[in-house]
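Heavy-atom basis, side chains included; hydrogens, waters and symmetry copies ignored. Numbers here simply count residues along the sequence, with the first being 1. None of the values given here were measured: they were computed from a predicted structure. For ligands, and for the atoms within them, numbers begin at 1 and follow the listed sequence.
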Amino acid sequence: MRTHVTYCRICEAACGLLADVEGGRVVALRPDPDHVVSRGFACAKGTRFAAVHEDPDRVDHPLQRVNGRLERVSWHDAVTRAGAALRGLRERHGPHSVAVYVGNPAAFSATLPLAGMGFVRALGTRNYFNAGSLDCNNKFVTSRAMLGSPAIHPVPDLDHARFALLLGTNPSVSQSSFVNAPRMMERLKAIEQRGGEVVVVDPRRTETARSVGRHVPIVPEMDAALLLAMIHVVLSEGLEQPDVVERTTNGASALRRLSARFTPDRVAAATGVPADTLRELARRFAAAGGAFCHLSTGVNQGRFGTVAYGAKIALEAITGNLDAHGGALVPHGAADVAGLAHRFGIDREPGWTSRIGGFSPVLGAMPCGIFADEVLTPGEGQIRGLVCIAGNPLLSMPGGPRLEAALRSLETVVSLDLFVNDTAAFAHWVLPSTDWLERDDLPYAQLQLQPVPYVQWTEAVVRPRGERRGEWDVLFDLADATGVPMFGRRALHLAGRAAARLGGTRAVVLPSLVRALGPRPLRTLRANPHGLLVDRERPGSFLAKRVLTRSGRVELCPDGIFDRADELESELDHRAAGTLRLFTKRERLGHNSWMHNHPGLTTRPHAAHLAPSDAARLGISSGDRVRVTSSSGAIELIAEVSDDVLAGSVAVPHGYGHHAGSGWTHARARGGANVNALADTGPDSVDPVSGMSRFVGVRVQMERVDATVEADDV
Ligand SMILES: Nc1nc2c(c(=O)[nH]1)N[C@H]1C(S)=C(S)[C@@H](COP(=O)(O)OP(=O)(O)OC[C@H]3O[C@@H](n4cnc5c(=O)[nH]c(N)nc54)[C@H](O)[C@@H]3O)O[C@H]1N2
Ligand SMILES: Nc1nc2c(c(=O)[nH]1)N[C@H]1C(S)=C(S)[C@@H](COP(=O)(O)OP(=O)(O)OC[C@H]3O[C@@H](n4cnc5c(=O)[nH]c(N)nc54)[C@H](O)[C@@H]3O)O[C@H]1N2
Ligand code: SF4
Ligand SMILES: [Mo]
């Protein structure tokens, strides 16, 4: 038996793991006690990943749909025929007729984001979609406007902070996002042990709120109002750092005018947070001497995510907590991805807009909320084919049945995945990908999201099973078969191919580390298998030197970012009473839609969680079958009554309702429903500034489904 040092690539924590391998099989995955940051922490998803690696439902051979069924074919036939189909679509209907979707796991591969971009540029399609508009686009557009680059994101200085304000994140379950922070719970608890404070703002008393700090319940979608009220208190009570504001920012007076519309007294009722609490939060934040505000998907996925992220950056900036010890750091990391992208113009958006809705791309991608419309609306540029890479849009995007109809109507769907996922129920070719135990890697996308910067290199732990192949090679082959060069340039196609042939994917990513690691980065990385700490971030290194806005200052109130403040303001006085608001609840042992297939990772039945007072009003008890209805659709599932949930809101996990045509035999049997059938699609559903879809705050009704009614329905 041999033990390999590696790390997990399921979520952003990137925890160090030790893999015990015997006879080419991974017999155990254990937390790595010597990892420089995770130091022996890993969660059950990571340590049980061998079950996913060996799942009998994995796709180990290329598949082609023949007479409605997926059948095994050779790689050569699969790629040649899929490429010919894509080429045919392009010849008949032009470059935009083929869409590409890239899902979340791509972010955990050093090379897949680059290969995905190369393939999109090869096709020359404007119909590129990714999980960003379901997850965090609000952060990209806000950072671009306020800090000058979509790739710059302040991360909490967890280990020195004295005040942590968390909104819309549940790190106990998720390890959060936009921060590479294993052991996050421990690190939050340490803030309290140092005499500091942790405040968890969430409509549900989460696992996080139960174990650390103080829980402040909030009405879904109202965080932006809370943050603007805090800014108002800071500015009206003179709690800002005037010299910092003067030296490093623009737009303070516009921010003052904006926030004056959101006084604590005015927002208290709509947010559900008492005015005194709002004032106290603002004062403590400003006085803490090291405070950060970390907001995540619970806020991103509401209508005001862009306003909220703008307010977060502004709050940190005016209180002197941006780029400050114990506040929010802007790490440089082992490779200055933001700086490089800026220098080579990669962070510039293509000039085109979407056919439906006229949206501008964000990091090159169109909003997922218009995907179904782009497929179903006839005309020049209609989508007729899809290449889906490491994603499961059927259960991730809004739309439910409408999205399913769109996928069903496509002439050609090619999926690169570990499984025949729900989306691949409509695929004509499924191309088996290697998983992270089978590939060399480093946590490239995380390098600038590390409060403690480090870099780690891992070699593949085992050889690929069956005929699984890495996406880099497959996408080059598919581009060849489609008759287009990767990156849209023959020279880059040949160079990318040659680099991977000669040196593997390492040849593609390692050169960018030379500056931090010296001329032989691989040798240095190999000498430090548990990770290598990179020069610790020095607070003060960002504001003076690396702000990429034209002014070189933090723009506190740039055009666009606070556009929806008017709509937010009008909600303060006109909140519809008596309706329930939907939000998401992630599961500890699941991961979005794709870890439901192993009995060792099962979780509780898929349920809608609601407050006792709402349950009583609606005559619903735990275990009842209920119908949840929005203006867009309806789903049925089990109810779970919980006094953790704020009255007036309902929490439902996403990623359920597995399709009968998917290859996930166990997941299918688990039942549940696709909550995104309740989410709206179409141009009006999309945030005009960020392209974000809305999963949070959707108005729903709930009723018990009686057995007799159900029988009638059938
Ligand atoms: N209602 C609601 N909807 C949501 C969310 C929510 O909170 N609420 N969250 C949103 C968020 S934050 C996200 S990120 C999206 C996720 O959206 P997606 O990324 O579209 O969906 P996942 O469920 O993560 O599916 C990932 C797919 O990648 C495959 N996969 C895993 N590893 C690899 C690999 O190494 N290579 C390849 N080729 N395939 C791989 C898996 O088998 C799976 O089929 O969902 C979004 N949708
Ligand atoms: N176990 C597990 N881990 C995961 C995932 C998973 O599916 N399972 N998914 C991964 C992915 S793709 C991502 S992006 C990250 C996301 O990581 P997080 O952003 O931390 O996501 P969640 O754990 O869903 O926490 C979101 C929190 O927001 C709350 N919330 C909902 N609406 C609102 C609101 O309007 N205001 C406020 N203040 N709070 C609100 C919810 O109650 C929930 O507690 O997690 C990753 N890690
Ligand atoms: S916390 Fe995330 S990275 Fe760490 S073991 Fe779990 S899934 Fe893997
Ligand atoms: Mo995500």
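Within the structure, the closest approach of Phe108 to ligand 1 does not fall below 4.0 Å when heavy atoms are considered. Under the 4.0 angstrom criterion for non-hydrogen atoms, Arg586 is in contact with ligand 1.
Residue contact check: Val675 has heavy atoms under 4.0 Å from atoms 1 (N) of ligand 1. Near Gln175, with a cut-off below 4.0 Å to any heavy atom, the atoms of ligand 3 are 1 (S). With ligand atoms numbered from 1 in the order given, ligand 3 contributes 7 (S) to contacts under 4.0 Å with heavy atoms of Ile10.
The shortest contact between atom 16 (C) of ligand 1 and any protein heavy atom is with Asn592 ND2, 3.5 Å. Regarding atom 43 (C) of ligand 2, its nearest protein heavy-atom neighbour is Asp202 OD2, 3.4 Å.
Geometrically, ligand 2 and Ser177 share no nitrogen or oxygen pair separated by less than 3.5 Å. Between Ser593 and ligand 1, an N or O atom pair is found at a separation short of 3.5 Å. Not a single N or O atom of Gln175, backbone or side chain, sits closer than 3.5 Å to an N or O atom of ligand 2.
Under 4.0 Å is where a charged nitrogen must lie from a carboxylate oxygen, and between Asp435 and Arg468 at least one such pair does. Looking at Arg303 and Asp687, no side-chain N of the basic residue comes within less than 4.0 Å of a carboxylate O on the acidic one, giving no salt bridge.
Taking backbone and side chain together, Cys11 holds no N, O or S atom under 2.8 Å from atom 4 (Fe) of ligand 3.
The backbone and the side chain of Thr297 each have at least one atom closer than 4.0 Å to an atom of ligand 2 (non-hydrogen atoms only).
Between atom 19 (O) of ligand 1 and the options Leu431, Val102, Asn104, the minimum heavy-atom separation is to Asn104.
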